[in-house]
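Notes to accompany the following structure.
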Amino acid sequence: MTRLVAPSMLSADFANLSCDIEMVNKSQADWFHLDIMDGVFVPNISFGFPVVERIKSLATKPLDVHLMIVDPDRYLERFREAGADWLTVHYEACTHLNRTLSQIKKLGMKAGVSVNPHTPVENLVDILEYADMVLVMSVNPGFGGQSFIPNSISRIKRLKKMIDSNGLSTLIEVDGGVGPNNAKQLYDAGANVLVAGSAVFKADNPLSAIEQIKSA
């Protein structure tokens, strides 16, 4: 079973960003996770194209870009140009989700769809075959450092059952309150990709924290 770790650069030290990028490059992590927030879909603003482009120029691993923005269709091509390898949009932000995911793939990126904690994963049953990945938010999106919402485990298990029963290979990603303490439980529930921000960048030894999550 695929088990990947994607450190969330939202928790990196932006005064020493190149150092944190190099740390992730050297680590056992698989992807860079980039949270793009617009202050409308979520109550926070993070960073935009210049930062994505800079990270891409230094990264030796794929960029997993998570759009927490309204009307993401306006920017799909821009994020491809900035360096996104995986591009995830929110179910709650897309009026025509099938078209959005299809366009992401047409642009040459892998397509992901994310669901907020209050959105039933069953709402994705008719879109799963068009998504390369589903991102299950295990906190309310918008801020790093939040506590994991416990019922996320049952949501992951239900989603995994949906994927398997339809004979699909869609990856399950989990973001929010993830760390060495719950990584095994998440992998066992069916998660393939774990996004970890504070658990990595606030750790005394970030390389060790990534290794612990990876091998949980």
Side-chain angles (χ1 to χ4, degrees), residues 1-37 44 46-68 78-88 108-112 114 132-139 141 143-148 169 171-216:
M1 179 175 152
T2 302
R3 292 189 172 193
L4 308 178
V5 178
S8 174
M9 301 306 291
L10 186 65
S11 297
D13 181 356
F14 277 75
N16 296 284
L17 189 57
S18 61
C19 293
D20 281 346
I21 293 170
E22 183 60 24
M23 182 277 294
V24 176
N25 282 337
K26 292 179 178 178
S27 75
Q28 293 185 24
D30 302 278
W31 299 345
F32 286 82
H33 186 82
L34 309 184
D35 289 308
I36 310 299
M37 305 178 186
N44 200 6
S46 58
F47 49 82
F49 303 113
V51 174
V52 176
E53 291 167 356
R54 184 59 178 156
I55 293 174
K56 183 66 174 181
S57 72
L58 298 174
T60 60
K61 299 173 181 182
L63 300 194
D64 170 32
V65 179
H66 175 198
L67 302 185
M68 288 179 266
R78 290 283 307 277
F79 278 106
R80 190 276 307 274
E81 294 171 352
D85 297 285
W86 290 74
L87 193 63
T88 296
M109 296 174 285
K110 294 290 188 180
S114 182
D132 296 299
M133 182 170 68
V134 174
L135 170 52
V136 177
M137 291 302 301
S138 45
V139 298
F143 297 93
Q146 298 183 67
S147 298
F148 181 83
S169 57
L171 298 180
I172 298 175
E173 184 174 44
V174 183
D175 184 3
V178 173
N181 61 317
N182 59 7
K184 184 180 186 302
Q185 188 178 16
L186 293 168
Y187 284 135
D188 289 346
N192 306 106
V193 186
L194 300 186
V195 176
S198 298
V200 169
F201 292 103
K202 307 302 181 188
D204 292 335
N205 187 334
L207 289 172
S208 177
I210 291 171
E211 183 179 359
Q212 291 177 50
I213 296 169
K214 180 87 171 176
S215 61

Short side-chain to backbone donor-acceptor contact, N182 and G177, under 3.5 Å: yes
Do the non-hydrogen side-chain atoms of H66 and V195 ever get within less than 4.5 Å of each other? no
Do the charged groups of D188 and R3 touch, with an N to O distance under 4.0 Å? yes
So how far is it from I210 CD1 to L194 CG, rounded to the nearest 0.5 Å? 12.0 Å
Side-chain heavy-atom pair V5, Q28 within 4.5 angstrom cut-off: no
Do side-chain atoms of N192 reach the backbone of L171 as a donor and acceptor pair under 3.5 angstrom? no
Checking side chain to side chain contact (heavy atoms under 4.5 Å, CB included) for the pair E22/V24: CA distance, chi angles, key distance, verdict? CA-CA 5 Å; E22 183 60 24; V24 176; over 6 Å; no
Does a donor on one side chain and an acceptor on the other come within less than 3.5 Å for H33 and D35? yes
Over all atoms of both residues, closest heavy-atom pair of S215 and E211: OG-O, 2.8 Å
Looking at every heavy atom in both V193 and A6, which two are closest together, and how far apart are they? CG1-CB, 4.2 Å
Does the side chain of V200 reach to within under 4.5 Å of the side chain of I213, using non-hydrogen atoms? yes
So CG of L67 and CE of M37: to nearest 0.5 Å the spacing works out to 11.5 Å
Identify the two heavy atoms, one from P180 and one from A209, that lie closest to each other, and give their separation to 0.1 Å. CG-O, 4.2 Å
Scanning both residues in full, the closest heavy-atom pair of F201 with S8 reads CE1-O, 3.2 Å
Kindly give the heavy-atom pair with the smallest separation between P7 and A29, and that separation in Å. CD-CB, 3.5 Å
Can you find a pair of side-chain heavy atoms, one from F32 and one from N25, that are under 4.5 Å apart? yes
Can you list the steps and then say if E81 with F49 is a side chain to side chain contact (heavy atoms under 4.5 Å, CB included)? CA-CA 9 Å; E81 294 171 352; F49 303 113; over 6 Å; no
Should we say atom NZ of K61 is surrounded by more than 12 heavy atoms from elsewhere, each under 6.0 Å from it? yes
Heavy-atom check, side chain of F47 versus side chain of L17, under 4.5 Å: no
Can you check whether D175's main-chain N or O pairs, donor with acceptor, with S138's side chain at less than 3.5 Å? yes
Does any non-hydrogen side-chain atom of D85 lie less than 4.5 Å from one of K56? yes
In sequence, state the C-alpha distance, the side-chain angles, and the governing distance for M133 and D64, and then conclude on side chain to side chain contact (heavy atoms under 4.5 Å, CB included). CA-CA 11 Å; M133 182 170 68; D64 170 32; 3.7 Å; yes
F148 versus L186: any side-chain heavy-atom pair under 4.5 Å? yes
Is it true that E53 and S57 share a donor-acceptor pair across their side chains at a distance under 3.5 Å? no
Looking only at heavy atoms, what is the nearest atom pair of P206 and A203, with distance? CD-O, 3.7 Å
The reported gap from CG in D30 to OG1 in T2 (rounded to nearest 0.5 angstrom) is 9.5 Å
Quick one: OH on Y187 to CD1 on I172, what's the gap to the nearest 0.5 Å? 13.0 Å
Heavy-atom check, side chain of M9 versus side chain of V51, under 4.5 Å: no
Take I21 and R54 through the test side chain to side chain contact (heavy atoms under 4.5 Å, CB included) and record every step on the way to the result. CA-CA 10 Å; I21 293 170; R54 184 59 178 156; 5.6 Å; no
